[in-house]
S.K.: 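The structure's right below; bear with me while I get my questions together.
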Amino acid sequence: MISGTSSATIWPSDIVYLQAFLHNDRVPRETGNQEAVPLPLKKVHNLNTPHPFADRRYVTWLAVVAVAFNYNIWFIPVRLVFPYHNAANNPYWLFFDALADLVNVIDIMVWQPRLQFVKGGDIVVRDLRRCTDLVSLIPFDVLGVYYGLSSVFRLNRIIRIEYFFEFSDRLESIMAKAYIWRVIRTTGYLLYALHINACLFYVASLYQGLSTTEWVYNGEGSAYLRCYYYAVRSLINIGGLPVPQTVFEITFQLCNFFVGVFVFSSLIGQMRDVIGAATAGETYFRASMDGCVSYMNTNSIPKFVQNRVRTWYNYTWAAQGMLDESELLDKMPLVMRMAIAVDINLATFQKIALFQGCDQQMLVDMLLRLKSIVYLPGDFVVKKGDIGKEMYVIKSGAVQVVGGPDNSIVFVTLKAGCVFGEISLLQSAKDGGNRRTANVKAHGFANLFVLEKKDLFDILVHYPESQKVLARKGKYVVLLFIRR
Ligand SMILES: Nc1nc2c(ncn2[C@@H]2O[C@@H]3COP(=O)(O)O[C@H]3[C@H]2O)c(=O)[nH]1
């Protein structure tokens, strides 16, 4: 029986590279050609450092930089507007300012010089620190010695916003459920818009004079909290606010309502898109299944067939989280598809006795043409006497080679990693060999890789040696099975 047996794994250098490329922590040292690696990111680690692909460490560091940036972007306006600078608070402000600055200095002096950039496809080594980074570091804070402590001198720190977006993009790219971060980030934008509005309301109140009218903040309680409460009611158009009296108040309030309508509706729309995108796969699955069920009803398909179709949909969705893997992979460049196919299946294919002695690259070519298909319990995958147009490799589950008057005799059960359906493919039609030599049915749910005859032969044209190996094995297999 053709089944998986162990074999020595010989990796061609490009496959070693592809493996390393997919798993950032594995460095393709053997290839010695790291310089030629096609890097997909705009900003990349210096390829000469010991861990050129250690992206996660950089993302972790960027998280720290993002915290420092957020400290500045949230507290600079609050400190600028509200009376929160006093003898009791100032030591804390100074401490946290220094901490945030330390993070930025380490980033600019230590981390950023280790990165390279991709410009027009070329990897560009950066030797000078970028101007914006340096400007963001200028310690205007020292002016506080003359003018008093004020966050206005820290406004240049906000220039570092690009690092927040970089953190966000990189985090998304490494998260399994990126939509969680997207929801958090959009919520952050909403809260920040309210935060800035609270500051503006306080400034407006100061401008009018605290407690001078019904509309302005009256100076009681926690100033920030009261102003934030106003911002929430005003920007989210909840209403119930004191009626603005003066032209200034009316204008301010109108601006708030307009900003609320446009900004908030677009942010809330963004949130809906994020959640919609996160569940798009499931929505597509449900829509496909519903469409198919209604088609079957319209055509009065028997109930038991309908049930089988439904079971197929549900099992395929549960097993692979999508209906057609190839839809996803088809959109990728060849090198990526190869990297994924090699990583997932090459080891399995190398162990298959039928393919031992075949060219490694031929196996890789074959992996790229495989299609995944699910059979339900009891389904016939091949029927004796049919013309063989495909061969199969069992991904998971099992199939049985059956025979006898009512197919009740089980000759053999084939499990994951086994090949079947190859005999009729490898025998020429003139020998009468292109017909299936046995019935094969799914035993339980069987997830199979299918390789079409045409694809197999297209590949073999380029590998005459492998073609001979397979033809020899094909004949041997026929001799073995001819009794059935
Ligand atoms: N005839 C036969 N086929 C078997 C046996 N075990 C597995 N098979 C597979 O069952 C497949 C039926 O279709 P093919 O003839 O194309 O190829 C056959 C073999 O790959 C066996 O014992 N006898």
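Order of appearance sets the numbers: ligands from 1, and atoms from 1 within every ligand. Here the structure is a predicted model, which means the values were calculated and not measured.
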S.K.: Could you tell me if any non-hydrogen atom of G388 lies under 4.0 Å from any atom of ligand 1?
M.R.: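 No, that is not the case, since the closest heavy atom of the residue is not under 4.0 Å from the ligand.
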
S.K.: Looking at ligand 1, does any of its N/O atoms fall within less than 3.5 Å of an N/O of L425?
M.R.: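 Between L425 and ligand 1 (N or O atoms, distance only) the closest approach is not under 3.5 Å.
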
S.K.: Counting each atom of ligand 1 from 1 as listed, which ones have a heavy atom of V382 under 4.0 Å away?
M.R.: 12 (C), 13 (O)

S.K.: Is H443 atom NE2 crowded by more than 12 heavy atoms from other residues, nucleotides or ligands, each under 6.0 Å away?
M.R.: no

S.K.: Any idea which part of F420 is under 4.0 Å from ligand 1, heavy-atom wise: side chain, backbone, both or neither?
M.R.: both

S.K.: Do other residues, nucleotides or ligands put more than 12 heavy atoms under 6.0 Å from the CZ atom of F457?
M.R.: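 Count over threshold, so yes.
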
S.K.: Considering R435, R436, E422, which one's heavy-atom position lies nearest to atom 20 (O) of ligand 1?
M.R.: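 That would be E422.
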
S.K.: So is T437 polar-close to ligand 1, meaning N/O to N/O under 3.5 Å?
M.R.: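 N/O-N/O distance below 3.5 Å exists for this pair.
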
S.K.: Taking the six-membered ring for Trp, are F355 and F349 parallel (under 30°), tilted (30 to 60°) or perpendicular (over 60°)?
M.R.: parallel

S.K.: Enumerate the atoms of ligand 1 whose separation from the nearest heavy atom of A438 is less than 4.0 angstrom.
M.R.: 1 (N), 2 (C), 3 (N), 12 (C)

S.K.: For K453, does the NZ atom sit with more than 12 other heavy atoms under 6.0 Å from it, leaving out its own atoms?
M.R.: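 Yes - once you tally the heavy atoms of other residues, nucleotides and ligands closer than 6.0 Å, there are more than 12.
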
S.K.: A quick test of your reading: do over 12 heavy atoms of other residues, nucleotides or ligands sit less than 6.0 Å from CZ of F75?
M.R.: no

S.K.: Taking the six-membered ring for Trp, are W111 and W61 parallel (under 30°), tilted (30 to 60°) or perpendicular (over 60°)?
M.R.: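 Correct class here is parallel.
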
S.K.: Near V412, which atoms of ligand 1 are under 4.0 Å from a heavy atom of that residue?
M.R.: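 Taking each heavy atom of V412 in turn, ligand 1 has 6 (N) under 4.0 Å.
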
S.K.: Whether D365 and R369 form a salt bridge (side-chain N of Lys/Arg under 4.0 Å from carboxylate O of Asp/Glu) is what I want to check.
M.R.: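 Between D365 and R369 there is no salt bridge, as every charged N stays at least 4.0 Å from the carboxylate O atoms.
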
S.K.: With heavy atoms of V440 as the reference, note each atom of ligand 1 found under 4.0 Å away.
M.R.: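 Close to V440: 10 (O), 11 (C), 12 (C).
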
